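What you see is a predicted model, and the numbers here were worked out from it, not measured in a lab. Numbering of ligands and ligand atoms starts at 1, following listing order.
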Amino acid sequence: MRDYRQPGRAVSATVQPGSPQALHLIAMSELAGKHIVLGLTGGIACYKAAELCRSLVKQGATVQVVMTEAAAQFITPVTLQALSGRPVYTSQWDAREGNNMAHINLSREADAILVAPCSADFVAKLLHGVADELLSLMCLARPIERVPLLVAPAMNREMWTHPATRRNFAQLEADGATVLGVGSGDQACGETGDGRMLEPDEITEDLIAFFQPKPLVGRRVLVSAGPTFEALDPVRGITNLSSGKMGFAIARAAREAGAQVTVVAGPVHLPTPRGVARVDVRSALQMHAACMREAEMADVFVATAAVADWRPAAAADHKIKKDGSGQPPALSFVENPDILADIAQGPRSRAGALFCVGFAAESHDLLAHAQAKRARKGVPLLVGNIGPATFGQDDNQLLLVDEAGSRELPRASKLALARQLVAQIGQRLPKKVTP
Ligand code: CTP
């Protein structure tokens, strides 16, 4: 059998291991070593499948495209061959296969079959085990326990909501396939509603998530992220350099690990990770209120936010003007509530129902400060990092401090570190009691 796998994008000899360039290359190779069969069925969303193919290849996957006859009405195999770098299969009678069994050969080589777009007609075929052309034949012939099937539906909104389609997708999931969501908005037919195929980068993110381990299935995770902004007057305020990237990476990693995730975010300009609920806040008081509320339902609280310790005692209603005296205005401050300490010392945490993780952004003596902070906040796990070195960066290095001691997570992308931290949290959670 041919081996289509290629090693992931190698970090070249001229790139220093652990350097920002090396970490960037690794971050761009989330699907390295994965061989994906990308199946296209008939639908206008086939034009997006070209971009999807490119995106999967960019993430380091090798991609074998298989198209139905209907898909070839919308986009040519030539385009997909150019983008995937390998000949496209469109027929079960493809004579290029020595044994003339493309459905067997191609399905056994795959780490996953991704059908995108997946038409209403195609899902109906999958359900009934109809196998009258190569792609449906492959889906039926794949070793079901080893080669997962993911589908990205794409259809008109009436077709999407039709009881037959609802029934079919529900049954497809019950049969073990993963049905990715659909987008909502303008449709090629001129109507507006649900049923558009997800965007290529959304499908890519979902596929990357699919391959991650799932230690947090059934858990609810709350993450606080970013800076807070404490208003001085309607146009000025006090904030800090936190970008929110570490918190958002943890939210994404927790979601990938199977959790239901909410991120309470201070003012940051970051896209919300797929499948994560987001509550936007500005001040520490707003963040405190939102976190206290959300923590009532959470199993895990990860406090990454750089919350302002102080806020102006009173924000001026109007812009503070110079009064000509040359004297700066007299500002007075009051202390903000400590969100992490309040939640960590609340009844649910004390009862062991809520596992709290704190962060410590320090400038020096990381271990000593992290140990002291862990004790002061009353959290089982505290993650230390050097704040000025990480604010706004895409990489970081962490020091995990718990009652057993400390352990370093060496420099890596924030997403890679977030995944390691999530795995550590998963190991520390009490086993879920299943009724
Ligand atoms: N934290 C919080 N609410 C605050 C202050 C901090 O939830 N008002 C959380 C942070 O999200 C972080 C941890 O507490 O998880 C430690 O934050 P940090 O700013 O490093 O510590 P401080 O308590 O502010 O201590 P110090 O400024 O003295 O280092």
Side-chain angles (χ1 to χ4, degrees), residues 221-231 237-251 254 261-268 270 279 281-296 298 300-313 333-346 348-349 354-392 396-402 406 409 414 417-418 421-422 424-425 428:
V221 175
L222 171 64
V223 182
S224 72
T228 62
F229 180 91
E230 311 301 323
I238 295 170
T239 186
N240 60 66
L241 289 174
S242 167
S243 63
K245 284 181 178 174
M246 193 68 223
F248 274 57
I250 290 170
V261 184
T262 300
V263 61
V264 173
V268 293
L270 292 174
V279 180
V281 295
R282 210 158 82 122
S283 66
L285 285 181
Q286 289 170 351
M287 185 174 275
H288 183 263
C291 286
M292 294 300 281
R293 187 181 64 237
E294 297 291 333
E296 284 300 310
V300 179
F301 174 44
V302 187
T304 70
V307 185
D309 291 328
W310 309 91
R311 66 177 183 279
F333 293 88
V334 290
E335 197 171 353
N336 274 323
D338 189 321
I339 304 168
L340 177 60
D342 283 356
I343 292 176
Q345 282 149 33
R348 294 193 64 243
S349 308
L354 175 58
F355 184 85
C356 291
V357 183
F359 263 69
E362 306 295 342
S363 58
H364 60 289
D365 290 339
L366 188 53
L367 179 59
H369 283 303
Q371 282 169 331
K373 209 163 269 187
R374 178 180 167 273
R376 201 170 69 237
K377 306 262 177 180
V379 293
L381 179 61
L382 195 118
V383 184
N385 61 167
I386 298 293
T390 182
F391 279 174
N396 198 356
Q397 63 191 77
L398 302 178
L399 183 70
L400 270 46
V401 178
D402 63 10
S406 68
L409 299 185
K414 287 185 174 172
L417 290 170
L421 177 60
V422 157
Q424 290 288 327
I425 292 171
R428 289 168 165 82

In terms of residue, atom name and distance, what is the protein heavy atom nearest to [atom]?
atom                    : answer
atom 5 (C) of ligand 1  : Val307 CB, 3.8 Å
atom 3 (N) of ligand 1  : Ile339 N, 3.0 Å
atom 21 (O) of ligand 1 : Lys373 NZ, 3.0 Å
atom 10 (C) of ligand 1 : Ala305 O, 3.3 Å
atom 7 (O) of ligand 1  : Leu340 N, 2.9 Å
atom 28 (O) of ligand 1 : Arg376 NH2, 4.0 Å
atom 8 (N) of ligand 1  : Pro337 O, 2.9 Å
atom 13 (C) of ligand 1 : Phe359 O, 2.9 Å

ask   = Do you see a protein non-hydrogen atom under 4.0 Å from atom 19 (O) of ligand 1?
value =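 Neighbour list for atom 19 (O) of ligand 1 is empty of protein heavy atoms (cut-off 4.0 Å).
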key: Gln286 side chain to Arg282 backbone, donor-acceptor under 3.5 Å   =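 At least one qualifying donor-acceptor pair exists.
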For ligand 1, which part of [X] has a heavy atom less than 4.0 Å away: the side chain, the backbone, both, or neither?
X      : answer
Lys377 : side chain
Ala341 : neither
Asp309 : side chain

Check ligand 1 against [X] and write out every atom of the ligand that is under 4.0 Å from a heavy-atom position of the residue.
X      : result
Ala360 : 20 (O)
Ala361 : 20 (O)
Gly358 : 15 (O)

Pairs of donor and acceptor atoms involving the side chains of residues 374-388, under 3.5 Å and at least two apart or interchain, shall be tabulated with distances.
{"residue": "Arg374", "atom": "NE", "partner": "Val379", "partner atom": "O", "Å": "3.3"}
{"residue": "Arg374", "atom": "NE", "partner": "Pro380", "partner atom": "O", "Å": "3.1"}
{"residue": "Lys377", "atom": "NZ", "partner": "Asp338", "partner atom": "OD1", "Å": "3.3"}
{"residue": "Lys377", "atom": "NZ", "partner": "Asp338", "partner atom": "OD2", "Å": "2.6"}
{"residue": "Asn385", "atom": "OD1", "partner": "Asn396", "partner atom": "ND2", "Å": "3.0"}
{"residue": "Asn385", "atom": "ND2", "partner": "Ala360", "partner atom": "O", "Å": "2.9"}

request  = Nearest 0.5 Å please: distance from the CD1 atom of Ile250 over to the CG atom of Leu417.
outcome  =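 The CG atom of Leu417 is 9.0 Å from CD1 of Ile250, to the nearest 0.5 Å.
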request  = Measure the spacing between SG of Cys356 and CG of Leu354 and express it to the nearest 0.5 Å.
outcome  = 4.0 Å
request  = Identify the two heavy atoms, one from Gly226 and one from Val268, that lie closest to each other, and give their separation to 0.1 Å.
outcome  = CA-CG1, 3.8 Å
Audit row: Val223, Phe248, side-chain contact (heavy atoms from CB on, under 4.5 Å) steps and yes/no = CA-CA 8 Å; Val223 182; Phe248 274 57; over 6 Å; no
inquiry  = Please determine whether a side-chain nitrogen of the Lys or Arg among Lys373 and Glu362 lies less than 4.0 Å from a carboxylate oxygen of the Asp or Glu.
reply    = yes
task = Could you please spell out the steps behind the side-chain contact (heavy atoms from CB on, under 4.5 Å) verdict for Arg311 and Thr228?
result = CA-CA 10 Å; Arg311 66 177 183 279; Thr228 62; over 6 Å; no
message = Side chains of His288 and Asp342: any donor to acceptor distance under 3.5 Å?
response =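 The answer is yes; a qualifying pair exists.
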query = Does Asn336 come within less than 4.0 Å of ligand 1, judged by its heavy atoms?
reply =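 Asn336 does not count as a contact of ligand 1 under the 4.0 Å cut-off.
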task = Check each of Ser363, Cys291, Ala303, Ala308 against atom 15 (O) of ligand 1 and report the one with the nearest heavy atom.
result = Ala303
ask   = Can you list the residues that meet the ring-ring contact (aromatic ring centres under 6.0 Å, His included) rule with His369, with sequence neighbours excluded?
value = His364
